[in-house]
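What follows is a set of notes on a single structure, which appears directly below.
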Amino acid sequence: MRQKPTVLAREIVASSRLFRVEEVQLRFSNGVERTYERLVGRGAGYGAVMIVAMIDSDHALLIEEYCGGTDEYELSLPKGLIEPGEDVLAAADRELKEEAGFGARQLEHITELSLSPGYMSQKIQVVLATELYEERLEGDEPEPMRVDRVNLRELSQLAQNEQFSEGRALAALYLVRDLLTQRGAFQP
């Protein structure tokens, strides 16, 4: 295993309500020094969840929400922050109820994904939700989210949809499709 670089200095060089930009000065094992910048969340944080909610054996739920980063309404999977005192599965069930109007009798942690590990420290927990039932909780969304669905057989077409651009969501859908196929719960 490679030796991690030595941290020579760290400094927050910019800050907003949601994010901080941290400058990190590093020395690598070969003596080369570099300055990296990375986007870090405010405070310690409790993490985030992304839910692949299977409405039936073939279809996962998608939600449509306004995304400030792209300045567009985008389709993606339900997701949100883990609140203090919540575990990953409880947060997934709550977010699913808030964003899509469904709860799940079965929740399973699948994996952890990052968005851009070279520049961002944030990670998200992927959860598979099955045996859904209708239940809505009040959330912090500024407007109701439209709920849609995608057939797991049509993921390559979804990736071509101009309204769907989140790589983590696409990866999560493919991972769940492969897992369900291995378990015999999905027939490609």
Side-chain angles (χ1 to χ4, degrees), residues 1-52 60 62-63 65-96 98-99 107-129 139-141 155-156 158-179 182:
M1 182 168 218
R2 297 179 76 163
Q3 180 180 344
K4 287 174 55 174
T6 301
V7 176
L8 303 175
R10 290 178 193 262
E11 179 184 2
I12 301 299
V13 296
S15 189
S16 75
R17 183 176 57 84
L18 295 176
F19 301 106
R20 296 177 301 159
V21 177
E22 181 181 55
E23 185 177 87
V24 184
Q25 296 176 8
L26 302 170
R27 180 179 300 125
F28 288 81
S29 60
N30 63 359
V32 173
E33 293 184 10
R34 289 283 193 279
T35 300
Y36 280 53
E37 288 183 352
R38 67 183 195 154
L39 188 63
V40 294
R42 304 277 307 163
Y46 296 94
V49 293
M50 174 177 280
I51 307 100
V52 179
L62 297 175
I63 50 104
E65 67 179 324
Y66 175 77
C67 296
T70 59
D71 189 28
E72 299 288 343
Y73 280 89
E74 300 250 353
L75 290 170
S76 191
L77 295 171
K79 61 190 163 300
L81 296 176
I82 300 170
E83 293 181 355
E86 275 186 322
D87 66 20
V88 169
L89 300 182
D93 197 44
R94 177 185 50 75
E95 286 292 342
L96 185 58
E98 290 176 1
E99 294 191 356
L107 293 157
E108 177 183 358
H109 181 260
I110 302 300
T111 194
E112 177 180 82
L113 297 174
S114 63
L115 182 59
S116 182
Y119 298 99
M120 299 174 75
S121 64
Q122 294 87 354
K123 296 184 178 180
I124 198 161
Q125 306 303 315
V126 178
V127 173
L128 171 61
D140 59 359
E141 292 75 22
L155 297 183
S156 60
L158 178 65
Q160 301 303 314
N161 184 329
E162 65 183 27
Q163 203 179 2
F164 184 89
S165 68
E166 187 169 8
R168 298 178 304 178
L170 188 60
L173 287 164
Y174 273 109
L175 288 168
V176 164
R177 183 178 77 177
D178 287 353
L179 177 66
Q182 290 169 7

Under a 4.0 Å N-O cut-off, is there an ion pair linking [X] with [Y]?
| X | Y | result |
| --- | --- | --- |
| R20 | E22 | no |
| R94 | E86 | yes |
| E23 | R10 | no |

Roughly how far apart are [X] [atom1] and [Y] [atom2], rounded to 0.5 Å?
| X | Y | atom1 | atom2 | result |
| --- | --- | --- | --- | --- |
| S156 | N161 | OG | CG | 12.0 Å |
| Q125 | L113 | CD | CG | 8.5 Å |
| Q122 | R168 | CD | CZ | 9.0 Å |
| L77 | I51 | CG | CD1 | 8.0 Å |
| T111 | M50 | OG1 | CE | 12.0 Å |
| Q25 | T35 | CD | OG1 | 4.5 Å |

Expected output: side-chain E99 to main-chain K79 donor-acceptor under 3.5 Å: yes
Indicate the atoms forming the closest heavy-atom contact of [X] with [Y], along with that distance.
| X | Y | value |
| --- | --- | --- |
| F164 | L75 | CD1-O, 3.2 Å |
| L170 | A159 | CD2-CB, 3.7 Å |
| L107 | A92 | CD2-CB, 4.4 Å |

Run the numbers on E95 and V49 for side-chain contact (heavy atoms from CB on, under 4.5 Å), then give the verdict. CA-CA 8 Å; E95 286 292 342; V49 293; 4.2 Å; yes
Are Q3 and S29 linked by a side-chain donor-acceptor pair shorter than 3.5 Å?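 No, because no side-chain N or O of Q3 sits under 3.5 Å from a partner of the opposite role on S29.
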Within the 3.5 Å criterion, strictly below it, is a donor on Q163 or E74 matched to an acceptor on the partner's side chain?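 Not at all, the side chains of Q163 and E74 share no donor-acceptor pair under 3.5 Å.
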side-chain contact (heavy atoms from CB on, under 4.5 Å) evaluation trace for V7 with L26: CA-CA 5 Å; V7 176; L26 302 170; 3.8 Å; yes
Decide yes or no for [X] and [Y]: does some side-chain heavy atom of the first lie under 4.5 Å from some side-chain heavy atom of the second?
| X | Y | answer |
| --- | --- | --- |
| T6 | F28 | no |
| Y174 | L179 | no |
| L173 | L158 | yes |
| E112 | V126 | no |

Counting only heavy atoms not in Y119, do more than 12 fall under 6.0 Å of its OH? no
Sequence neighbours excluded, which residues qualify as ring pair (Phe, Tyr, Trp, His ring centres under 6.0 Å) partners of Y73?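 Counting only residues at least two positions away or on another chain, Y73 forms a ring pair (Phe, Tyr, Trp, His ring centres under 6.0 Å) with Y66.
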How far apart are the C-alpha atoms of V127 and I110, what are their side-chain angles, what is the distance that settles it, and do they pass the side-chain contact (heavy atoms from CB on, under 4.5 Å) test? CA-CA 5 Å; V127 173; I110 302 300; 6.0 Å; no
For S76 and E166, run side chain to side chain donor-acceptor pair (under 3.5 Å): C-alpha distance rounded to whole Å, both residues' side-chain angles, the deciding distance at 0.1 Å, then the answer. CA-CA 7 Å; S76 191; E166 187 169 8; 2.6 Å; yes
Give the C-alpha distance, both sets of side-chain angles, the deciding distance and a yes or no for side-chain contact (heavy atoms from CB on, under 4.5 Å) between E98 and E141. CA-CA 8 Å; E98 290 176 1; E141 292 75 22; 4.3 Å; yes
